[in-house]
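Since the structure comes first, as structure tokens, the remarks are kept for the end.
Since the model is a prediction, treat every value here as computed from it, not as a measurement.
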Amino acid sequence: QVQLVESGGGLVQAGGSLRLSCAASGRTFRHYAMGWFRQAPGKEREFVAAISWNGDTVLYGDSVQDRFTISRHNAKSTLYLQMNSLKPGDTASYYCAAATNIGVVVRLYDYWGQGTQVTVSS
């Protein structure tokens, strides 16, 4: 079991920045690839970014490429998502998730946090 807790969400104006964190506990964090997903009301959960266990491989969704940066600190068992140039369309609940292998598909991820809300005003 891996327990994941997101933090860092909030309300920000368009063009602003936020940094999300995801603290992991339980089984060894460094054994897992990690991902960020988001879900807006009435929409399906959407892939945002993912990172391999050692950080060598990162993946981004098309809508966040060049604006968001995923990173991890294995010694602190923490995952991060730096979000810059935020747009109203980025408004959603953001979830971190853990998987055996890196990927962009929701079903690959075995463990999920409870989510943190990000709201971007125009």
Side-chain angles (χ1 to χ4, degrees):
Q1 286 280 345
V2 177
Q3 292 79 42
L4 303 172
V5 180
E6 302 95 337
S7 61
L11 174 64
V12 63
Q13 288 188 332
S17 299
L18 281 175
R19 188 194 197 199
L20 304 184
S21 298
C22 172
S25 60
R27 297 190 66 181
T28 308
F29 176 73
R30 67 176 180 269
H31 289 172
Y32 293 93
M34 298 296 297
W36 286 100
F37 292 78
R38 66 187 183 186
Q39 189 166 19
K43 295 188 176 181
E44 293 187 353
R45 194 160 292 191
E46 174 190 18
F47 171 73
V48 174
I51 187 167
S52 60
W53 71 273
N54 60 359
D56 281 356
T57 302
V58 293
L59 303 173
Y60 292 99
D62 290 342
S63 61
V64 306
Q65 185 79 45
D66 298 326
R67 298 189 297 124
F68 291 9
T69 302
I70 189 171
S71 62
R72 65 189 296 161
H73 195 307
N74 284 346
K76 295 183 178 180
S77 297
T78 304
L79 175 73
Y80 303 100
L81 184 68
Q82 178 66 43
M83 304 186 295
N84 298 329
S85 302
L86 283 161
K87 305 174 181 179
D90 295 318
T91 295
S93 291
Y94 283 71
Y95 300 87
C96 68
T100 302
N101 296 299
I102 190 172
V104 304
V105 180
V106 169
R107 68 176 182 269
L108 291 176
Y109 289 79
D110 301 310
Y111 303 101
W112 293 83
Q114 83 291 345
T116 186
Q117 178 67 34
V118 172
T119 302
V120 184
S121 63
S122 58

Working for side chain to side chain contact (heavy atoms under 4.5 Å, CB included), residues Thr91 and Gln117: CA-CA 8 Å; Thr91 295; Gln117 178 67 34; 4.0 Å; yes
From [X] [atom1] over to [Y] [atom2], what is the distance, rounded to the nearest 0.5 angstrom?
X: Gln114; Y: Cys96; atom1: CD; atom2: SG; result: 7.5 Å
X: Ser17; Y: Phe68; atom1: OG; atom2: CZ; result: 9.5 Å
X: Ser93; Y: Gln39; atom1: OG; atom2: CD; result: 7.5 Å
X: Gln1; Y: Ser25; atom1: CD; atom2: OG; result: 10.0 Å
X: Arg30; Y: Ser77; atom1: CZ; atom2: OG; result: 8.5 Å
X: Ile102; Y: Tyr109; atom1: CD1; atom2: OH; result: 6.0 Å

Any side-chain heavy-atom pair from [X] and [Y] closer than 4.5 angstrom?
X: Leu20; Y: Glu6; result: no
X: Ile51; Y: Leu79; result: yes
X: Arg38; Y: Ser63; result: yes
X: Met83; Y: Asp90; result: no
X: Glu44; Y: Val106; result: no
X: Phe29; Y: Val2; result: no
X: Val64; Y: Trp36; result: no

Is there a path of hydrophobic side-chain contacts, each under 4.5 Å between heavy atoms of I/L/V/M/F/W/Y residues, joining [Y] to [X]?
X: Phe47; Y: Leu4; answer: no
X: Leu11; Y: Leu86; answer: no
X: Ile70; Y: Leu59; answer: no
X: Tyr80; Y: Tyr60; answer: no
X: Tyr94; Y: Tyr111; answer: yes

Residue pair Ser122 / Ala14: nearest heavy atoms and the distance that separates them: CA-CB, 4.4 Å
Which atom of Met34 lies closest to which atom of Ala98, heavy atoms considered: SD-CB, 3.6 Å
Parallel, tilted or perpendicular, as decided by the 30° and 60° cut-offs, for the rings of Trp112 and Phe37: tilted
Donor-acceptor contact present, side-chain Asn74 to main-chain Trp53, <3.5 Å: yes
Main-chain N/O of Ala97 paired to Tyr32 side chain as donor or acceptor, under 3.5 Å: no
Over 12 foreign heavy atoms within 6.0 Å of CD, Gln13: no
